[in-house]
Amino acid sequence: MIALRNVTLRLGGRTIVEEITLEVGKAEFVCIVGPSGCGKTTLLRLIAGLIPPSAGRVDYQGRPVTGPRPEIAVVFQDYSKALLPWRDASGNIALALEALRVPKRERQPRIDRLLSLIGLSNDAHKFPVQLSGGMQQRLQIARCLAQDPVVLLMDEPFGALDALTRQVLQDEIQGIVTASGATVVFVTHDLEEAIYLGDRVICVRPHPGRIVEAIEVELPRPRNQLTTRESPAFLQLRRRLFDFIAESER
Amino acid sequence: MMALRATGWFLASLVVGAGLVVLWHYVVSAGFVSPVFLPPPGRAWTALVNGFTRGALAEQLLATIGRMIYGWLLASLVGVALGTLIGTSRAAIVYLGPTLEMIRPLPASAIIPVAIAFLGLTEQMAIAVIAFGALWPMLLATVHGFAAVEPQLYELSRALGLKRWEVILKIGLPSAMPDILAGMRVGLTIALILAIVAEMLASRPGLGHSVLLAARSFRSPDLYAGVILLGIVGYVSAAALAAFETRLLRWRVPH
Amino acid sequence: MSEAAPALRSGWRGAVIPVGAVVLAQLLALASPQQSDILAAPLDIFLAGAGGLFDGTIVAATGQTLIAALAGLAIGVGVGLIFGILLGLSGVLDRLMTFSIETVRPVPSAALIPVSLLVFGFGFRMEIAIVAFSTIWPVLILSRAAVAGIEHRLLEVSRVLGFGLVERVWKIIIPAALPRIFVAFRLATGIALIVAVTVEVTANPLGLGHGMMAAQQSLNPALMLALLVWLGLIGWALNAVLLWAQRTLFGPAAIAEARP
């Protein structure tokens, strides 16, 4: 589905990421972890087509990525900045449907369906400023889902939320992604979140950003916040990742 | 590196500007606009040069600038002084505030007929009009500047036991400086406009009067030369004040 | 501190000084019996004003000034907005146009009066042209800043969704920049009125500015001062209406931008 071959990005005299080679298969859930400043967000933006690589290729479905497109939906970390403050919740979701030229009569049912999926049915007419952080992020995710995405790119989507909301949204995302069959690339600094959600965890080391390890996560699905996180396999993977981070911090 | 790129862009914009002048020349020479209304750039330039070498343009320029600066300085002194008095007195703000707000949108040029009634078509009228017109933005900006001082700074001055004049000079004035300077910038623009208008009305020697004469006698090259010169005056005076402002406000956080 | 706050906070005390001054002036006028060519008693001013309003002359003049100001404003705002948005969107275009804009912008509006007279002669067109020129610049500069300051994230979202230029401008850029654009519009309206009156005082025989000059020349100080007061009222009312509209449409956040 997505293939990066020897991708390098240089900006302002610095090499942000170097010689990145990565393949993401259909319906795979890949998590990218690494210390801050290692270029994980940059990788996401390269895949999204928001920035072109300085060297190497980024391919989507076998063809080079030339720019962003609706089927590759991006969930930004700063959710409040990615929502239109002057439209209500329905209106924000509608934006994606307008972009996709969905006929007017089909829009409302789809909006209703997505709102109920993320639990915002009663808040359809609220504006982003009236919604809590977690609800705003859900709204952004709903807008991205309205794009019927083949690929979902998520940039530390739960980083600015409290622990409880984070856990709830992690499970919601799992459910949504499994149901829609989307391919996901999920950037996070939370190691446990990466293992909990992913089929594969990519470890990136900074300065310049390069992939040092790819860990397969063979935990059974559907996963559970309590039981999965206590399983020995989970704890082993957790150990490996913590060691990796400790190494790269040195 | 950044400076090189900036100069590069500046040169590019110069080229674009030159291109527009070429377009100007083409529009006239191809006959789209009559040279009576729009002279070719070459002739406007010649008129400008001749005005300095053979004509009275230099004296007129100095006369206009002189009036503008004189009136503006007068207005600055009075405006900042009065503004400080009003801005630092809660009673004054309460009693005078609404009156000042009502005067704010009044066009400065509306005072001209009144000034003519009092002073006739004289040099004094011109200076009075310029000063009066430039006064208001500076006064209002000063009042606002003092009102916007961080209340915590006033608390600090009370804790330090500073005397009233010390508070005004050391805390209020520096704090209000950005607003005051912004008001002075507006005042300068108004001073130039009123200087031109007063010259036109009172037929006082100066650039304003000379461009009006040029228009009446259909001497469009002289007219455009004068207008360009006035544009230069506007530009240079604003740039000079901006440079002064930057130096004075070096401590400001860039925003 | 919002612009209306002083009036609200002052309450009746704000009226003390102006009312007191008027009363004092009237008393002084009653005390000195001689007629003056340059001063008038407040009562006479009021009567002259009322008279001018009732017989329609002041209303007609006001209409002329407002038509010229608003027509020029419409042109200036239109042109300023289009170019402001374009320059705000394209950094390249903006940098290329810097020199040209910075050289033409400082030309004082009054300096263009003779040019406009030459091209259009006396009348509405001449005044509208100068008002338009004067209002283009503040609108252009402020709307450029408004567009350039739009949240980058929103523009990226529009790229991901594949919006073309028109959709991007209509659905994202204009709504996001609208509060600041409205402030620019409010400022431009004040400028339009001022420039219109200036042109009328200087050269153009129509409107309130000319009315004032005519009153002065015919040694009618009561009418001249009445027109002055009336002009102040019009300017204040115009600004107050727009301020109210701004607050209603955009809320108190936009007021913070509206500093002189």
Side-chain angles (χ1 to χ4, degrees), chain B residues 9-10 12-14 16-17 20 36-37 93-114 116-118 137 140-141 144 147-148 182-183 186 189 192-194 196-197 200-201 207-208 211-212 214-216 218 220 223-224 226-227 230-231 234-235 238, chain C residues 1 3-4 6-7 9-10 13-18 37-39 95-100 102-115 117-119 190 193-198 201-203 208-209 212-213 215-217 219 221 224-225 227-228 231-232 235-236 238-239 259-260:
Chain B
W9 278 115
F10 179 69
S13 73
L14 269 174
V16 170
L20 288 174
V36 172
F37 296 152
I93 293 184
V94 165
Y95 281 99
L96 286 175
T99 317
L100 290 176
E101 288 302 320
M102 289 252 6
I103 296 184
R104 187 205 293 262
L106 192 64
S109 43
I111 215 64
I112 293 181
V114 182
I116 295 180
F118 272 96
L140 290 169
H144 176 256
V186 175
T189 326
L192 182 56
I193 292 181
L194 289 175
I196 297 172
V197 168
M200 287 180 180
L201 282 170
L207 281 177
V211 294
L212 190 62
R216 286 209 187 112
F218 286 90
S220 61
L223 169 60
Y224 278 79
V227 172
L230 282 169
Y235 179 79
Chain C
M1 180 167 105
E3 296 199 11
R9 276 196 278 121
S10 298
R13 281 172 296 176
V16 165
I17 303 237
D37 289 339
I38 54 180
L39 281 178
R95 272 167 289 199
L96 284 177
M97 292 304 297
T98 312
F99 181 74
S100 314
E102 293 303 313
T103 27
V104 180
R105 183 161 70 102
V107 175
S109 49
L112 294 173
I113 293 179
V115 178
L117 263 180
L118 184 69
V119 175
L193 186 63
I194 293 175
V195 172
V197 171
T198 305
V201 164
T202 316
L208 289 167
M212 283 187 72
M213 290 299 275
Q216 184 272 317
Q217 274 153 13
L219 301 179
M224 174 182 77
L225 291 170
L227 285 169
L228 183 65
L231 195 53
W236 175 85
L238 209 54
N239 191 45
R259 292 273 62 110

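Side-chain atoms are counted along with the backbone in the values below, which use heavy atoms only and exclude waters and symmetry mates. Letters A, B, ... mirror the listed sequences (proteins, then strands); counts begin at 1.
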Minimum heavy-atom distance between [X] and [Y], given as atom pair plus value:
| X | Y | value |
| --- | --- | --- |
| B/I196 | C/A110 | CG2-CB, 3.9 Å |
| C/L193 | B/P107 | O-CG, 4.5 Å |
| C/L228 | B/I111 | CD2-CD1, 4.2 Å |
| C/P106 | B/G231 | CB-O, 3.8 Å |
| C/P108 | B/L230 | CD-O, 3.8 Å |
| C/W236 | B/E101 | CD1-O, 4.4 Å |

Measuring heavy-atom distances to chain B, does [X] have an atom under 4.5 Å in its side chain, in its backbone, in both, or in neither?
| X | answer |
| --- | --- |
| C/M212 | both |
| C/L225 | side chain |
| C/L238 | neither |
| C/V16 | side chain |
| C/L117 | side chain |

Under 4.5 Å heavy-atom distance to chain C, tell me which part of [X] shows up: side chain, backbone, both or neither.
| X | answer |
| --- | --- |
| B/L96 | side chain |
| B/L192 | side chain |
| B/Y224 | side chain |
| B/L201 | side chain |
| B/A238 | neither |
| B/L223 | side chain |
| B/L20 | side chain |
| B/M200 | side chain |

Go through the steps for B/I116 and C/M213 under the test side-chain contact (heavy atoms from CB on, under 4.5 Å), then give the verdict. CA-CA 9 Å; B/I116 295 180; C/M213 290 299 275; 3.7 Å; yes

Would you give the length of the straight line joining atom CG of C/L118 to atom CG of B/L212, rounded to the nearest 0.5 angstrom?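 Reported value, rounded in 0.5 Å steps: 11.0 Å.
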
Look up atom CG in B/L100 and atom CD1 in C/I17, then write down how far apart they are to the nearest 0.5 Å.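 Result: 9.5 Å between the selected atoms.
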
I need the residue from [options] with the largest number of non-hydrogen atom pairs under 4.5 Å to chain C.
| options | result |
| --- | --- |
| B/G17, B/A12, B/P113, B/P105 | B/P113 |
| B/I112, B/L194, B/L14, B/T189 | B/L14 |
| B/I103, B/L207, B/V197 | B/V197 |
| B/A215, B/A117, B/G226 | B/A117 |
| B/G234, B/S220, B/S109, B/S13 | B/S13 |

Choice from C/L227, C/V107, C/I194 maximising heavy atom contacts with chain B below 4.5 Å: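 Winner by heavy-atom pair count: C/I194.
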
